[in-house]
Asker: 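Below is one structure. I have some questions about it.
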Amino acid sequence: MANSLGEELSAALSNITSLIIKTESKSERTKLTQLQAKIAGQLQVFVDKVVDEALPEYQAATAALSAANAEAKVAKKDLDKTAATIRKFAAATDKLAALAKKIPVA
């Protein structure tokens, strides 16, 4: 069976990130970064239109990701914060998994 759209979007973002890191060409890196932003933007639209914001798991996942993203901004300035950031993203991932269980599968 083929992968779901969500699985393919996740793989695409991961693969593009790997290519961005590995490419030495500034113009190719720029193109890849633009593609990554477009895919991420579409993913945001899908999530915002499909997932019920009233679910408590939605609120928990959003709050957890917000905390992890805030920590990531700090970590960029202070690399010693990386471990805390990883823990925040791990917690956010758990919240996302709980939310995913609430979404009906078509």
Side-chain angles (χ1 to χ4, degrees):
M1 182 175 187
N3 289 337
S4 69
L5 177 60
E7 290 168 328
E8 291 297 345
L9 283 167
S10 179
L13 289 171
S14 179
N15 288 326
I16 290 172
T17 299
S18 294
L19 290 170
I20 290 168
I21 292 168
K22 292 181 180 181
T23 189
E24 294 181 15
S25 167
K26 184 176 180 178
S27 66
E28 287 179 0
R29 195 170 23 259
T30 298
K31 289 176 187 175
L32 287 165
T33 302
Q34 291 169 344
L35 286 171
Q36 184 182 46
K38 285 181 182 179
I39 292 172
Q42 289 302 311
L43 183 58
Q44 178 182 349
V45 170
F46 292 145
V47 168
D48 289 345
K49 289 187 182 252
V50 172
V51 180
D52 182 1
E53 293 179 27
L55 290 170
E57 293 84 359
Y58 179 96
Q59 300 301 324
T62 301
L65 283 170
S66 179
N69 283 320
E71 191 73 29
K73 288 178 185 176
V74 172
K76 288 176 187 174
K77 295 178 184 173
D78 183 359
L79 293 178
D80 291 338
K81 299 276 185 177
T82 302
T85 301
I86 291 168
R87 286 190 296 274
K88 295 269 186 179
F89 275 113
T93 301
D94 291 342
K95 301 294 185 191
L96 286 169
L99 173 61
K101 290 179 183 178
K102 293 289 185 172
I103 298 172
V105 178

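Only heavy atoms go into these numbers, but all of them, side chains included; no hydrogens, no water, no symmetry mates. What you are looking at is a predicted structure, and each value in this text was computed from that prediction instead of being measured.
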Asker: In chain order, what residues pass the side-chain contact (heavy atoms from CB on, under 4.5 Å) check against Ala60, with sequence neighbours excluded?
Answerer: Lys95

Asker: To the closest 0.5 Å, what do you measure between CG (Leu35) and CD1 (Ile20)?
Answerer: 8.5 Å

Asker: Report the residues that fulfil salt bridge (Lys or Arg N to Asp or Glu O under 4.0 Å) with Lys102, sequence neighbours left out, ordered by chain and then residue number.
Answerer: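 For Lys102 the salt bridge (Lys or Arg N to Asp or Glu O under 4.0 Å) partners, ignoring immediate neighbours, are Glu57.
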
Asker: Is Leu65 isolated, or which residues cluster with it under the ILVMFWY side-chain rule of less than 4.5 Å, directly or via members?
Answerer: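 Under the 4.5 Å side-chain rule, Leu65 groups with Leu96.
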
Asker: Transitively linked via ILVMFWY side-chain contacts under 4.5 Å: Leu5 with Ile16?
Answerer: yes

Asker: Output all residues satisfying side chain to side chain donor-acceptor pair (under 3.5 Å) with Glu8, sequence neighbours left out; order by chain, then residue number.
Answerer: Asn3

Asker: I need the minimum non-hydrogen distance between Ala61 and Leu99, along with the two atoms involved.
Answerer: CB-CD2, 4.3 Å

Asker: What heavy-atom pair brings Ala92 and Ala64 nearest, and what distance separates the two atoms?
Answerer: CA-CB, 3.6 Å

Asker: Give, for atom CD1 of Ile21 and atom CZ of Arg29, the distance between the pair rounded to the nearest 0.5 Å.
Answerer: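 Answer for the CD1-CZ pair, Ile21 versus Arg29, is 10.5 Å.
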
Asker: Could I get the full list of side chain to side chain donor-acceptor pair (under 3.5 Å) partners for Thr17, not counting sequence neighbours?
Answerer: Gln36

Asker: So which heavy atom on Glu71 is nearest to which on Ala84, and how close?
Answerer: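 So the minimum-distance heavy-atom pair works out to OE2-CB, 3.6 Å.
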
Asker: Going by the side-chain hydrogen bond (donor to acceptor under 3.5 Å, both in side chains) test, which pairs reach into residues 58-69, not counting sequence neighbours?
Answerer: none

Asker: If the condition is side chain to side chain donor-acceptor pair (under 3.5 Å), which residues does Thr23 pass it with, not counting sequence neighbours?
Answerer: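 By the side chain to side chain donor-acceptor pair (under 3.5 Å) rule, Thr23 matches Glu28.
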
Asker: How would you list, by chain and number, every residue that makes a side-chain contact (heavy atoms from CB on, under 4.5 Å) with Ala72, sequence neighbours excluded?
Answerer: Thr85, Phe89

Asker: So which pairs with a foot in residues 41-52 pass salt bridge (charged side-chain N to carboxylate O under 4.0 Å, His left out), sequence neighbours left out?
Answerer: none

Asker: Once side chain to side chain donor-acceptor pair (under 3.5 Å) is applied, do any residues pair with Ser27, and if so which ones, sequence neighbours excluded?
Answerer: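 In terms of side chain to side chain donor-acceptor pair (under 3.5 Å), with neighbours along the sequence ignored, Ser27 is linked to Ser25.
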
